[in-house]
Every structure is written in structure tokens, then in C-alpha cells.
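Here is the naming used below: chain letters follow the sequence lines, and residue numbers restart at 1 for every chain.
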There are 2 protein chains.
Amino acid sequence: MSTVVRLSEARKADLRCALCPIRDRAVCAYSGPEELKLLEVIKSYRTYQPGEEIAAMGEETAHIGSVVQGTVSLSRLMADGRRQMVGLLFPGDFVGRIMLPTAPYDAVAVDEVTLCLFERRRFERLLAESPDLRRRLLEMTLDELDAAREWMVVLGRKTAREKLASFLMILVRRAAIATGGEARDGLRIALPLTREAMADYLGLTIETVSRQIGALRRDGLITLEDARHLVVHSVAALREAAGDDA
Amino acid sequence: MSTVVRLSEARKADLRCALCPIRDRAVCAYSGPEELKLLEVIKSYRTYQPGEEIAAMGEETAHIGSVVQGTVSLSRLMADGRRQMVGLLFPGDFVGRIMLPTAPYDAVAVDEVTLCLFERRRFERLLAESPDLRRRLLEMTLDELDAAREWMVVLGRKTAREKLASFLMILVRRAAIATGGEARDGLRIALPLTREAMADYLGLTIETVSRQIGALRRDGLITLEDARHLVVHSVAALREAAGDDA
DNA sequence: CGGATTCCTTGACCTGCATCAATCCGCCGC
DNA sequence: GCGGCGGATTGATGCAGGTCAAGGAATCCG
């Protein structure tokens with residue numbers, strides 16, 4: 001009995017917004033305690049398995065929300081099977097298109113994903129009344145637009161090697177943020193994506209992805225622990241290889 | 001004397017928001033008469049010549065505003081000279097990044113461009129108080145994000161021919177909207193961009209752009225009047241060539 | 001333990017687009 | 001008229017990355 005109580009208390013604690021791991025980055029980042037209370041009432045959590053579909057392009061989406069844990073891919077599929085990933089969402093990022101009833105692309109869980117969901121209609125009603133939510137959502141959308149445009153440069157103008165290095169740099173920056181500080185040499189990186197998903201993100205084939213990873217390894221920029229884990233030896237060299245100046 | 005008066009009256013009429021040609025599409029689309037009055041006070045017009053720089057990446061931008069007339073390109077330049085266009089703005093579209101002091105990319109007038117400008121600080125203050133402006137801006141930003149992601153598919157996965165056809169389809173859709181109705185066969189299209197600008201938009205070289213236009217012409221999809229004007233014979237065939245289903 | 005499956009790597013070959021180079025066309029100033 | 005110039009076309013050639021094919025490594029399951 002007492003274990004049950006303790007479990008339910010723990011579950012409850014998980015659900016408290018104040019303790020949420022993405023509290024400072026999600027749509028609700030600017031929301032005060034009163035608004036948080038409102039959100040707490042209407043929110044629900046859902047977990048998706050790797051590869052599981054979160055939303056399908058063209059279909060109605062009843063829920064929208066935030067990535068709490070894991071990685072979500074947004075992609076578009078052409079009629080003949082070619083696929084292009086158009087976004088990669090990490091904890092704190094917002095999933096779902098507001099002001100539009102249907103999803104404009106496929107959303108798929110890359111690894112095990114937990115979402116903090118709101119019923120779309122209810123969230124939009126809340127949005128209409130909350131300057132804090134609106135402000136944060138606008139800010140996040142603008143950031144995503146900048147990121148999308150940055151990625152257009154990668155897709156349109158970079159070589160396969162530069163594409164790979166650019167992708168790794170994204171992971172390096174994320175890992176640096178997660179561990180609190182600067183991007184340091186010797187950083188160990190987990191690749192959340194399969195070779196195929198990377199290829200779809202970078203506009204390449206899996207063979208080219210594999211070969212370019214091999215080339216970066218041979219050139220001493222990285223070491224592969226296994227197919228999904230690597231160590232970055234020189235962040236500066238990797239940035240150089242990505243063709244960025246920033 | 002009387003002509004001077006009449007001229008100044010005409011000028012004044014040009015400046016009245018109620019008569020603005022982009023009144024229904026710009027940031028101010030949802031603004032009521034009172035708000036329009038406020039905007040009317042702080043706005044100013046400026047005209048740019050073809051090729052003239054509107055904003056340079058990384059530099060502070062004192063003004064933001066709407067495209068009233070003409071076409072604006074947003075692009076990013078890599079250190080070695082490679083350029084990728086990341087957006088093409090038409091009348092009604094918003095120029096400038098709010099909530100950020102510096103421009104995230106270069107903005108250049110493609111042809112003769114007229115902007116309706118607001119001092120950035122003042123506009124942001126207005127934005128903070130106006131739900132109508134904020135709502136419209138969020139809506140426009142979300143639309144641009146969708147457009148950017150759609151373009152990522154073009155850049156990442158389409159062939160040169162499909163890229164050209166996709167670009168022409170954008171112009172066809174725009175021309176259709178401008179002339180009020182459906183995209184009809186036999187439509188005459190003006191190319192606002194040079195071959196170089198098209199190449200930068202599509203992630204190609206000017207030679208490939210030229211060759212692919214030639215190929216579309218030889219295949220009977222289009223006829224060239226001159227280098228900057230063409231007729232689309234079959235919109236359906238062009239869409240097909242673009243590799244789209246929508 | 002062995003077979004099946006999924007994911008990744010590697011090799012040989014091919015092709016679509018880039019590169020390099022020459023020419024053309026329309027337009028301007030003189 | 002004619003040179004000069006920016007933009008566009010066209011041709012010849014090369015190569016980065018795609019395609020096709022085989023095989024390895026890890027995991028699952030009977």
C-alpha cells in the first residue's frame with residue numbers, strides 16, 4: 001500500500017510543471033504560476049516508441065505540445081519515395097502547427113519520445129488570452145525559421161563532407177548546451193539518427209553518409225566508438241570542415 | 001499652383017493605409033482603423049533600385065516593414081563566395097527580424113522595390129500592445145516557416161529540372177493570385193530574377209539553370225518570349241515536372 | 001546454436017551537374 | 001556606326017555523389 005502511495009506521489013511530482021526539465025525552454029517558459037496552473041490541468045503526457053508516428057502529413061491533429069524527452073523528426077515524402085527531413089526537434093521544441101487544422105509534414109519519434117500534450121482547440125483558446133504564451137511561441141517560431149533557412153544553405157550549397165560536419169556540429173552544440181558549458185574537444189556524441197535518417201536530413205544517400213563519416217574518421221576529426229557513438233577531437237576543425245565561419 | 005496642390009493630395013492619398021495595395025495581406029491586415037492611424041503616423045516609404053542592399057547580414061537594422069511593391073531576396077553568403085537564397089519576398093511580405101537586433105541574412109532588392117517602413121523599436125512597442133499585429137505576425141511567420149521547409153525538399157531532393165519547374169510554379173501561383181483567379185494555361189510570366197539569382201535560389205549554377213530552361217522549352221512546356229518572359233502552356237504538365245502532387 | 005532481420009560498410013561503376021571556355025545578344029555611351 | 005559590357009546560351013570535359021551489389025556486425029528469436 002505505502003509503495004503505491006509513494007509511486008503515485010512520484011508520478012504526481014513528475015507532472016508538476018515547476019519541476020519540468022524543459023520548464024525554461026518550452027512554450028510555457030514565460031508563463032507565470034497562475035498560467036502554469038491552467039496548463040497543468042489540461043496537459044497530458046504521452047510516450048512514443050522509436051519509429052512511431054506522431055502525426056501524418058495532411059491528417060488532422062487533435063493535440064499539440066512540447067518535446068519533453070527524445071528527438072522528433074519532421075519530414076516530407078515525395079510521391080516516388082524520396083524523403084527530405086525538414087526539421088529535427090529536441091526537448092523544449094514545439095510539435096504541431098497552430099492556426100491550421102492539419103499537419104503540414106510527417107512527425108516521427110526518432111528514439112523514445114515523451115511529449116507534453118495539449119488538446120489543440122483548448123490550447124489555442126488559451127493562446128488567445130495569454131500574451132506570455134504568444135510571445136514565446138512567436139519567438140520560438142522565428143528561431144525555427146532562422147534554423148530552417150540556415151539548413152537551406154546546407155542543402156543547397158554544401159558538399160557531402162560539409163553536410164556531415166554541419167550535422168555533427170548541431171549535435172555538438174546541443175551536447176554543449178546540455179552539459180551546461182562550452183563545446184569542448186574530446187566531447188562524446190550520441191547519434192540519435194540511423195544512417196538513413198541522416199541521409200534524409202542531409203539530402204544524401206546512406207552510402208554517402210557512411211563514406212563521409214569514414215572520411216572524417218580517417219582524417220582524424222572524429223573517432224567512432226560504435227556506429228552510433230563518436231568522439232569529436234577538435235570542434236574547431238569540425239566547424240572548419242562544415243564550412244561555417246560563425 | 002493648383003497642380004502642386006493636386007500632386008500633394010495624390011501623394012497623400014498614396015500614403016493612406018486604407019488605400020494601400022497590400023492592406024489585406026500585410027502585417028496590418030487585422031488592424032482596425034484606430035491602429036491603422038497609429039501605424040500611419042510612424043510609417044515611412046522608401047524605394048530601392050534593382051540590386052540595392054536593404055540590409056546586410058550581421059548589421060543592425062533600424063527599420064523593418066512590408067514589401068509594398070517589387071521583390072526582395074534574402075540570402076546568405078559563405079566565406080568562399082557560394083551564395084544560397086533562403087527566401088523571396090513579394091508584396092505584402094514582412095522584411096526584417098523582430099526580437100533580434102541584427103539581420104540574420106542579406107536582403108537585396110531584386111527589381112525596383114518600395115517598402116513601408118517602421119522604426120524597429122517603435123514597431124516592437126506597438127506590437128507589445130496589439131493582439132491584432134501579433135496574431136498576424138505569428139500567422140505570417142508560420143507560413144514562411146512552412147514555405148522554407150517546402151523549399152528544403154526542393155533543395156535536398158529534387159533534380160535540376162524539377163527545381164526549375166518548382167520555381168516556375170511559384171511564379172505561376174503568384175501570378176494566378178495577382179490576377180485574381182485560377183492558374184490558367186497560356187499564362188504569361190515575368191521572371192524577376194537573373195539566371196544567377198535563380199541559380200542561387202535553386203542551389204544550381206547559371207549554366208544548369210539556362211540548360212534546364214532550354215529543356216523545358218524544347219519539351220514544349222513553356223515558350224520563351226525573351227530571356228525574362230515566358231508563357232506556360234500547361235500548368236498541369238509543369239506541376240508534374242516539378243514532382244509535386246499537391 | 002543457427003537463421004533471420006536490421007543496420008552499416010565497402011567496392012565498382014555510372015550519371016547529373018559543375019567546371020571551364022567560347023560565343024552570342026541586347027543595350028549603352030560615344 | 002562601333003566598341004564595351006552584363007547577362008544568357010551552348011559545348012566539351014571532369015568529378016562528386018548516386019546506383020547497384022556484396023558482405024559484415026549486432027540483435028532477436030526459434
Checklist line | Backbone of B:Leu204 reached by a side-chain donor or acceptor of B:Thr208 within 3.5 Å | finding: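 No.
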
Next item on the list: Determine the contact category for A:Leu204: base if any of its heavy atoms lies under 4.0 Å from a base atom, sugar-phosphate if only primed atoms, P, OP1 or OP2 are that close, otherwise nothing.
Entry: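 Sugar-phosphate: the residue A:Leu204, judged by heavy atoms under 4.0 Å, touches backbone atoms but no base.
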
Notebook entry, point to check: Contact class for A:Gly203 (heavy atom, under 4.0 Å): base, sugar-phosphate, or nothing?
Noted result: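 Answer is sugar-phosphate: A:Gly203 comes under 4.0 Å of backbone atoms only.
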
Margin query: Pairing donors with acceptors under 3.5 angstrom, does anything connect the side chains of A:Ser210 and A:Arg195?
Written below: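 Note: A:Ser210 and A:Arg195 side chains miss the donor-acceptor criterion.
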
Check: Any luck finding a side-chain donor-acceptor pair between B:His229 and B:Arg188 under 3.5 Å?
Finding: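 Checked: B:His229/B:Arg188 side chains pair up, N/O donor to acceptor below 3.5 Å.
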
Rounded to the nearest Å, what distance is computed from the [atom1] atom of residue [X] to the [atom2] atom of nucleotide [N]?
| X | N | atom1 | atom2 | answer |
| --- | --- | --- | --- | --- |
| A:Ile206 | D:dG18 | CD1 | C1' | 12 Å |
| A:Ile213 | C:dT10 | CD1 | C1' | 14 Å |
| B:Asp200 | D:dG7 | CG | C1' | 14 Å |
| B:Glu196 | D:dG6 | CD | P | 12 Å |
| A:Arg217 | C:dC8 | CZ | P | 15 Å |
| A:Arg82 | D:dG17 | CZ | C1' | 15 Å |
| B:Lys158 | D:dG18 | NZ | P | 18 Å |
| A:Arg195 | D:dG24 | CZ | P | 19 Å |

Check: Counting side-chain heavy atoms from C-beta on, which of C:dC17, D:dG17, D:dT10 comes nearest to B:Ser210?
Finding: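 Minimum distance to the B:Ser210 side chain belongs to D:dT10.
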
Does a nitrogen or oxygen in the side chain of [X] sit under 4.0 Å from OP1 or OP2 of [N]?
| X | N | answer |
| --- | --- | --- |
| B:Thr208 | C:dA18 | yes |
| B:Arg211 | D:dT9 | no |
| A:Thr205 | D:dG17 | no |

Using a strict 4.0 Å threshold on nitrogen-to-oxygen distance, state whether [X] and [Y] make a salt bridge.
| X | Y | value |
| --- | --- | --- |
| B:Asp80 | B:Arg82 | yes |
| B:Asp244 | B:Lys158 | yes |
| A:Glu182 | A:Arg173 | no |

Note to self: Show the nearest heavy-atom pair for residues B:Ile64 and B:Arg97, with the distance to one decimal.
What the structure shows: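 What the structure gives for the nearest pair is CG2-N, 4.4 Å.
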
Check: Can you find an N or O donor on one side and an acceptor on the other, under 3.5 Å apart, linking the side chain of B:Glu207 with the base of C:dC17?
Finding: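 Answer is no: no donor-acceptor pair is held.
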
Notebook entry, point to check: Looking at DNA chain D, which of residues 221-233 of chain B put a heavy atom within less than 4.0 Å of it?
Noted result: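 Only B:Leu224, B:Ala227, B:Arg228 qualify.
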
